[in-house]
Amino acid sequence: MTSVETALSKLPADIVVRDQDIVSKYTTDFRHLYAGRSMAVLRPRTVAEVQLAVRTLAAHGVPVVPQGGNTSYCTAATPNRDGSEIVISLERLNKVRELDIGNLSMTVDAGCVLSDLQDAALDNDLMLPLSLGSEQSCQIGGNLSTNAGGIAVVKHGMARELVLGLEVVLPDGSLFSDLNPLRKNNSGYDMKQLFIGGEGTLGIITGASLKLVRKPRAVVTAFLAIREISVLSTLLDRAQRFTGDAVTSFEYMSNSSLDLLLSKRPNLRRPLEEASDHYVLLEAATSSHLLDLRGAAEILLEEAMSDGLVIDGAVAANEEHRSHFWHLRENIPEGEVLNGGSVKHDVSVRTSRLAAFIVDASDIVRSCCSEAILSVYGHVGDGNVHFNVVPPHTAQTHEFKEHFERTVSPLIYNLAAQMGGSFSAEYGIGRSKLGLLSEYGDPGKIALMRKLKTALDPNGIMNPGKVIPVA
Ligand SMILES: Cc1cc2nc3c(=O)[nH]c(=O)nc-3n(C[C@H](O)[C@H](O)[C@H](O)COP(=O)(O)OP(=O)(O)OC[C@H]3O[C@@H](n4cnc5c(N)ncnc54)[C@H](O)[C@@H]3O)c2cc1C
């Protein structure tokens, strides 16, 4: 028997899935960019079973790959190709353990699907202010392990900022448990921060205590055609002033991104009559029933149009309008997929430099590859842009992407670095951005990451080959 087989034989049979038709769903990433192999997937039902699985595999030197919803954009949750690693899926750890309305907090299992947690909070007149395109399938453990961003960062911050406590199974199977949902707790090192954004390389998150906020009583959503990209930061600043810092989302869409979607979805329509190269989806919310957010948004639109910042705009009159605006924004990635997919650059710079970044990066693409289709959109309220490039209709998709990534992407990342930005705003490092971390990461930080990894996981069994570049 191999060591993997020996380890598996010591685990309860009903948490071990060996059927390769099922296993392959866990070993391939959702974009089908990477197909790994694994002899089995483990689906523990309790924290004790996660501990047992990790302890048993560790004792036989078998590496593990923690997996949530498997929606990673950087192949972080898939095992390697030699079949030596075992996937541990958290999907059966999916209970809300406690919801404390008075404390504005919930304590949950790591395998809860994000949208289920949003619903559980709403049922109690509260809100979990984390929202991303994959929310119907990603899990809170995956969100915390990737420190996910999404569409509400401008108001509520990245996933890290919503965490009050964490429970983690460490690489030797022991438990780190710090789930107390306290707002103030200065009692030694804040250990939970190590695991948030750790992409499963330091331990398996099994539970979390999360901050909630009051459910909004008023939400106002506007779709704006802006004159030019340079008005973005002025418009955001004005929107914050007019609404009393109530802006929850400030999303940018280039016209070419919208075109890609509408060309394949003719039933969808543009919300505005005037055409522009640039659009903003703005949303603000308040839990107060006394504030007139709608009035503020209408004055903002009126003044921004008379100042020439905005060419045309519409404030959603009802929920149907609002969901139409959001449907367009949320389906832009699908528009890219329907047009052959894209080369993605998940870049951030400070908000004051974002417009300049988009202009300069677009010039780079046009000068290197004039026929490429730019699809630029993203959470620009927090400085994050998805600067994506779609192959021209005439190109061989695979060859184009490969050539582009080799020759033009480095110029885009260099530009982001020169502007003090990041090559990975919200998706993380995983397997596919190791080279970028080696190139653009601070050597001192990478050395410290290696020391931490060795201290917590001396045998290197937790999600090997991810996040930490080979020395
Ligand atoms: C349509 C779409 C839209 C998206 N939009 C956004 C967006 O706006 N913002 C954003 O940040 N991301 C976005 N993503 C990327 C992705 O959804 C997020 O990274 C998400 O947080 C991953 O969650 P998951 O449960 O799918 O994790 P997985 O993909 O399963 O895993 C991701 C990483 O976390 C580790 N991991 C998972 N669960 C655990 C656990 N319990 N303990 C320890 N490690 C664990 C894995 O090993 C892996 O390294 C999007 C993806 C899609 C497909």
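Quick note: residue numbers are just sequence positions, from 1.
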Between E330 (side chain only) and G133 (backbone N and O only), is there a donor and an acceptor less than 3.5 Å apart? no

With distance as the sole test, does D19 use its side chain to make a donor-acceptor pair with the main-chain N or O of D21 at under 3.5 Å? yes

Hey, does M158 have a side-chain heavy atom less than 4.5 Å from the side chain of D382? no

Which distance, rounded to the nearest 0.5 Å, do you find between the CE of M106 and the CG of L210? 7.0 Å

Any chance CZ of R350 has more than 12 other-residue heavy atoms, nucleotides or ligands included, within less than 6.0 Å? no

Side-chain heavy-atom pair L260, S342 within 4.5 angstrom cut-off: no

Contact summary for V154 and S249, nearest pair of heavy atoms: CG1-N, 3.7 Å

Short side-chain to backbone donor-acceptor contact, S38 and E85, under 3.5 Å: yes

Could you tell me if K344 sits above the aromatic ring of Y73, with its cationic atom closer than 6.0 Å to the ring centre and no more than 45 degrees from the axis? yes

Applying side chain to side chain contact (heavy atoms under 4.5 Å, CB included), run through D116 and V96 and close with a yes or a no. CA-CA 9 Å; D116 291 343; V96 174; over 6 Å; no

Before giving the answer on side chain to side chain contact (heavy atoms under 4.5 Å, CB included), spell out for L8 and L42 the whole-Å C-alpha distance, their side-chain angles and the decisive distance to 0.1 Å. CA-CA 9 Å; L8 292 177; L42 304 184; 3.9 Å; yes

Does any donor atom in the side chain of H345 or Y413 lie under 3.5 Å from an acceptor atom in the other side chain? no

Residues C74 and E199: closest non-hydrogen pair is SG-OE1, 4.5 Å

Take a 6.0 Å sphere around CZ of R241 and say whether it holds more than 12 heavy atoms from other residues, nucleotides or ligands. no

Correct closest heavy-atom pair for P129 and M127 would be CD-O, 3.4 Å

Are any side-chain N or O atoms of R160 and backbone N or O atoms of Q193, one a donor and one an acceptor, separated by less than 3.5 Å? yes

Main-chain N/O of L170 paired with S174 side-chain donor or acceptor, under 3.5 Å: no

Do S233 side-chain atoms and T351 backbone N/O form a donor-acceptor pair below 3.5 Å? no

Whether the side chain of D29 engages the backbone of Y34 through a donor-acceptor N/O pair (distance < 3.5 Å, no angle test) should be reported. yes

Taking the side chain as every heavy atom from C-beta outward, state whether T146 and Y427 have any atom pair closer than 4.5 Å. no

Going from CD1 on I196 to CG on N143, what distance comes out if it is rounded to the nearest 0.5 angstrom? 11.5 Å

Report the C-alpha distance between S89 and Q67 in whole Å, list the side-chain angles of each, state the deciding distance to 0.1 Å, and finish with yes or no for side chain to side chain donor-acceptor pair (under 3.5 Å). CA-CA 5 Å; S89 166; Q67 191 175 97; 5.4 Å; no

Would you tell me whether S209 and T107 have side-chain atoms, one donor and one acceptor, within less than 3.5 Å of each other? yes

Listed by chain and number, what are the side-chain hydrogen bond (donor to acceptor under 3.5 Å, both in side chains) partners of H156, not counting sequence neighbours? none

Can you find a heavy atom in the side chain of R431 that is under 4.5 Å from one in the side chain of T78? yes

In this structure, which one of Q139, R97, K95 forms a side-chain hydrogen bond (donor to acceptor under 3.5 Å, both in side chains) with D109? R97

Give me the ring orientation class for F387 and F357: parallel if the planes are under 30° apart, tilted from 30 to 60°, perpendicular past 60°. perpendicular

Main-chain N/O of G142 paired with S145 side-chain donor or acceptor, under 3.5 Å: no

Has Q396 got more than 12 heavy atoms of other residues, nucleotides or ligands less than 6.0 Å from its CD? no

Distance (rounded to the nearest 0.5 Å) between I229 CD1 and I358 CD1: 4.0 Å

Mind running side chain to side chain contact (heavy atoms under 4.5 Å, CB included) on I226 and L232 for me, showing each step along the way? CA-CA 8 Å; I226 60 173; L232 277 176; 3.8 Å; yes

Please state whether the rings of H386 and H379 are parallel, tilted or perpendicular, taking 30° and 60° as the class boundaries. perpendicular

Which value, rounded to the nearest 0.5 Å, describes the distance between L281 atom CG and I151 atom CD1? 8.0 Å

Once side chain to side chain contact (heavy atoms under 4.5 Å, CB included) is applied, do any residues pair with T407, and if so which ones, sequence neighbours excluded? H403

Taking all atoms of both residues into account, what is the closest heavy-atom pair of R55 and D172, and its distance? CG-O, 3.8 Å

Donor-acceptor pair, distance only, cut-off 3.5 Å: does the side chain of N463 make one with the backbone of K466? no

Taking the side chain as every heavy atom from C-beta outward, state whether I364 and D360 have any atom pair closer than 4.5 Å. no

Measure the CG-CG distance between L235 and L282 for me, rounded to the nearest 0.5 Å. 7.0 Å

What are the two closest non-hydrogen atoms of I446 and P469, and how far apart are they? CG2-CD, 4.1 Å

SB check K401 E405 (cutoff 4.0 Å): no

Could you tell me if the side chain of L128 sits less than 4.5 Å from the side chain of L114, heavy atoms only? yes

Within a 6.0 Å radius of atom CZ on R214, are there more than 12 heavy atoms belonging to other residues, nucleotides or ligands? no

Side chain S254, main chain V376, donor-acceptor under 3.5 Å: yes

Measure across G149 and L130 and return the closest heavy-atom pair with its distance rounded to 0.1 Å. O-CD1, 3.5 Å

To the nearest 0.5 Å, how far apart are OG1 in T75 and CG in N70? 10.0 Å

With side chain to side chain contact (heavy atoms under 4.5 Å, CB included) as the test, would you mind laying out the steps for E439 and F423 before giving the verdict? CA-CA 10 Å; E439 181 148 4; F423 61 89; over 6 Å; no

Apply the test side chain to side chain donor-acceptor pair (under 3.5 Å) to residues E135 and S115: give CA-CA distance (whole Å), side-chain angles for both, the deciding distance (0.1 Å), then the verdict. CA-CA 5 Å; E135 63 198 23; S115 62; over 6 Å; no

K433 side chain reached by D346 side chain, heavy atoms, under 4.5 Å: yes

Are the side chains of V153 and N384 in touch, meaning some heavy atoms are under 4.5 Å apart? no

